[in-house]
Amino acid sequence: MGGVDMNTSVVNILTEWDIVAARQISRSLAKLIGFNAVDQARITTVVSELARNIYLYAEQGNVTVNVINKNNRDGIQIIAEDRGPGIQNLQGVLKEDYSSYGLGAGLPGVKRLMDEFEIETEANQGTKIVVVKWLS
Ligand SMILES: Nc1ncnc2c1ncn2[C@@H]1O[C@H](COP(=O)(O)OP(=O)(O)OP(=O)(O)O)[C@@H](O)[C@H]1O
Ligand SMILES: [Mg+2]
């Protein structure tokens with residue numbers, strides 16, 4: 001994905017405290033570049049969901065929060081990466097009715113809350129999810 005990195009933070013996810021840290025970092029960066037309170041909440045929800053999935057299903061991994069700029073537009077990019085078991089039945093879990101019902105919950109919620117969503121997953125190799133929210 002193109003864009004000039006202006007600011008990058010990587011959080012290694014090992015414990016539930018790291019989920020909290022990733023949330024806080026994403027909120028600070030989102031606020032810094034001018035996202036309103038609603039979008040800040042969307043972004044922290046997404047970071048929580050992705051970090052929590054790493055903690056629960058892959059045991060450990062990284063969440064990277066990048067401030068990016070493309071075509072004079074600022075945005076926030078979140079990369080969640082692990083070398084865990086991979087997501088079985090990817091098509092199924094991306095369906096809105098599969099796992100989550102709450103607002104912003106689960107991978108369908110992550111997809112819905114962001115402007116761009118890419119996922120790569122392979123059995124026993126791991127999972128990489130890249131999402132972007134652009135400042136409007
Ligand atoms: N990083 C990951 N590694 C391996 N499997 C994953 C990963 N993330 C998600 N999964 C699998 O995909 C399923 C769906 O994930 P999703 O986050 O949408 O829902 P959930 O975690 O089951 O429930 P919720 O997030 O609503 O509490 C999970 O139950 C899990 O089996
Ligand atoms: Mg989940």
Side-chain angles (χ1 to χ4, degrees):
M1 211 171 286
V4 179
D5 289 353
M6 295 163 68
N7 201 331
T8 298
S9 295
V10 185
V11 182
N12 187 225
I13 306 297
L14 269 170
T15 75
E16 286 185 291
W17 291 105
D18 303 321
I19 302 171
V20 178
R23 259 186 89 91
Q24 286 169 346
I25 286 166
S26 67
R27 184 181 291 278
S28 311
L29 286 179
K31 195 173 176 180
L32 185 75
I33 66 169
F35 281 106
N36 66 32
V38 173
D39 279 337
Q40 288 172 37
R42 290 183 171 122
I43 289 161
T44 55
T45 297
V46 163
V47 167
S48 295
E49 291 293 328
L50 296 177
R52 200 174 144 71
N53 280 354
I54 289 174
Y55 170 75
L56 287 174
Y57 309 121
E59 288 181 24
Q60 63 168 302
N62 286 315
V63 172
T64 304
V65 184
N66 292 316
V67 175
I68 59 172
N69 181 283
K70 195 171 166 183
N71 303 326
N72 287 322
R73 209 170 174 200
D74 286 335
I76 201 158
Q77 178 191 56
I78 295 143
I79 304 172
E81 205 167 5
D82 67 66
R83 301 194 133 275
I87 300 176
Q88 319 291 320
N89 184 22
L90 180 61
Q91 296 316 310
V93 304
L94 291 177
K95 289 198 184 104
E96 200 74 47
D97 58 353
Y98 179 80
S99 56
S100 326
Y101 294 93
L103 177 78
L107 291 172
V110 168
K111 193 174 178 188
R112 177 160 34 86
L113 290 168
M114 302 300 276
D115 297 321
E116 296 178 19
F117 178 97
E118 286 170 21
I119 184 163
E120 286 168 39
T121 187
E122 202 174 329
N124 304 314
Q125 297 297 311
T127 301
K128 182 178 182 180
I129 299 173
V130 182
V131 297
V132 177
K133 183 105 191 147
W134 295 109
L135 201 57
S136 42

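Only heavy atoms go into these numbers, but all of them, side chains included; no hydrogens, no water, no symmetry mates. Everything numeric here is computed off the predicted structure, so don't read it as measured data. Order of listing sets the numbers, starting from 1, for every ligand and every atom in it. When a residue number appears, it is its place in the shown sequence, counting from 1.
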Atom pair OG1/CG of Thr121 and Leu107 - distance to nearest 0.5 Å:
9.5 Å
Roughly how far, to the nearest 0.5 Å, is CG of Leu56 from CD1 of Ile19?
7.0 Å
Ignoring hydrogens, what is the shortest heavy-atom contact between Val110 and Phe117? Give both atom names and the distance.
CG1-CE1, 3.9 Å
Nearest heavy atom to atom 11 (C) of ligand 1 wins, so pick from Ile87, Leu50, Leu56, Ile54.
Ile87
With a cut-off of 4.0 Å, which atoms of ligand 1 are near a heavy atom of Val93?
12 (O), 13 (C), 14 (C)
Between the CD atom in Gln60 and the CZ atom in Arg83, the distance rounded to the nearest 0.5 Å is 11.0 Å
Contact region, Pro108 to ligand 1, non-hydrogen atoms below 4.0 Å, reads side chain
For the Mg ion (ligand 2), every protein N/O/S atom that sits closer than 2.8 Å, waters excluded
Asn53 OD1
Measuring from Leu50:CG to Thr45:OG1, what's the distance to the nearest 0.5 Å?
10.5 Å
Return yes when Gly86 approaches ligand 1 closer than 4.0 angstrom through a heavy atom, no otherwise.
yes
Option whose closest heavy atom lies nearest to atom 18 (O) of ligand 1, chosen from Ile129, Leu107, Thr121:
Leu107
Just jot down the ligand 1 atoms closer than 4.0 angstrom to any heavy atom of Asp82, in number order.
1 (N), 2 (C)
Paired with Ile54, the side chain to side chain contact (heavy atoms under 4.5 Å, CB included) test is passed by just one of Ile13, Asn12, Thr127, namely Ile13
For Glu59, does the CD atom sit with more than 12 other heavy atoms under 6.0 Å from it, leaving out its own atoms?
no
Glu49 and Leu113: side-chain contact (heavy atoms from CB on, under 4.5 Å), yes or no, with the steps?
CA-CA 11 Å; Glu49 291 293 328; Leu113 290 168; over 6 Å; no
Backbone, side chain, both or neither: what part of Glu49 comes under 4.0 angstrom of ligand 1, heavy atoms only?
side chain
Determine the minimum heavy-atom distance between Phe35 and Trp134, stating which atoms define it.
CE2-O, 3.7 Å
